[in-house]
Amino acid sequence: QVQLVESGGGLVHPGGSLRLSCEASGVTLSGYSVGWFRQAPGKEREGVSCFSLIAGRTVYVQPVRGRFTFSRDYAKNTVYLEMNRLKPEDTAVYYCAVGRGLPNNCPTIPNEYDYWGQGTQVTVSS
């Protein structure tokens, strides 16, 4: 049984930082592409960042580029999303997801992912 468990969300002031974790069980992350997505109230889910196993690179969408950093610790079967200089518009539920064979447009193809976590709330507010 595959499980992805996100943690690390919370309430932070604008300009603050958070680090999200996504720990996997039942699946070995080194064999998958992994993505981070978010969904704000009343909005559609959007991709934030992903690691494409095919391309061997990490991709970021423009609104978070330079502020967010995706990292992987395969020894812990865990990926992270370091979020700096947070803005109110970053407020959302953040999800991690895994999928096989995803190319470097992986933030834009959520339907191609096989497994999803339950999400963790990030709120950026003064």
Let me confirm one number: the [atom1]-[atom2] distance from [X] to [Y], rounded to the nearest 0.5 Å.
X    : Y    : atom1 : atom2 : result
F51  : T58  : CZ    : OG1   : 6.0 Å
L29  : T78  : CG    : OG1   : 7.0 Å
S126 : L11  : OG    : CG    : 9.5 Å
D73  : E23  : CG    : CD    : 10.0 Å
L18  : T120 : CG    : OG1   : 8.5 Å
Y74  : S30  : OH    : OG    : 6.0 Å

Is there a chain of hydrophobic side chains (I, L, V, M, F, W, Y, each step under 4.5 Å between heavy atoms) that links [X] to [Y]?
X   : Y    : result
V48 : L4   : yes
V27 : W116 : no
L81 : V34  : yes
Y32 : V2   : yes

query: When you look at CD of E44, are more than 12 heavy atoms from neighbouring residues, nucleotides or ligands closer to it than 6.0 Å?
result: no

- prompt: OH of Y115: more than 12 outside heavy atoms within 6.0 angstrom?
  reply: no

Any donor-acceptor pair under 3.5 Å from S49 side chain to V59 backbone: yes

- request: Would you confirm whether Y60, through its side chain, and F70, through its main-chain N or O, come within 3.5 Å as a donor-acceptor pair?
  value: yes

- prompt: Hey, does the Lys NZ or Arg CZ of R72 hover above the aromatic six-ring of Y80, less than 6.0 Å from the centre and inside 45° of the axis?
  reply: no

Where [X] and [Y] come nearest, the two heavy atoms and their spacing:
X    : Y    : value
R38  : A92  : CB-CB, 3.7 Å
Y113 : G35  : CE2-N, 3.6 Å
W36  : E6   : CZ3-CG, 4.0 Å
V124 : K87  : CB-O, 3.2 Å
I54  : P103 : CD1-N, 4.4 Å
P107 : F37  : O-CE2, 3.4 Å

query: Is there a side-chain contact between M83 and V122, using heavy atoms and a 4.5 Å cut-off?
result: yes

message: So L102 and S52, do their side chains get closer than 4.5 Å, heavy atoms only?
response: no

- request: Could you walk me through whether S17 and N84 pass the side-chain contact (heavy atoms from CB on, under 4.5 Å) test, one step at a time?
  value: CA-CA 4 Å; S17 299; N84 298 313; 2.8 Å; yes

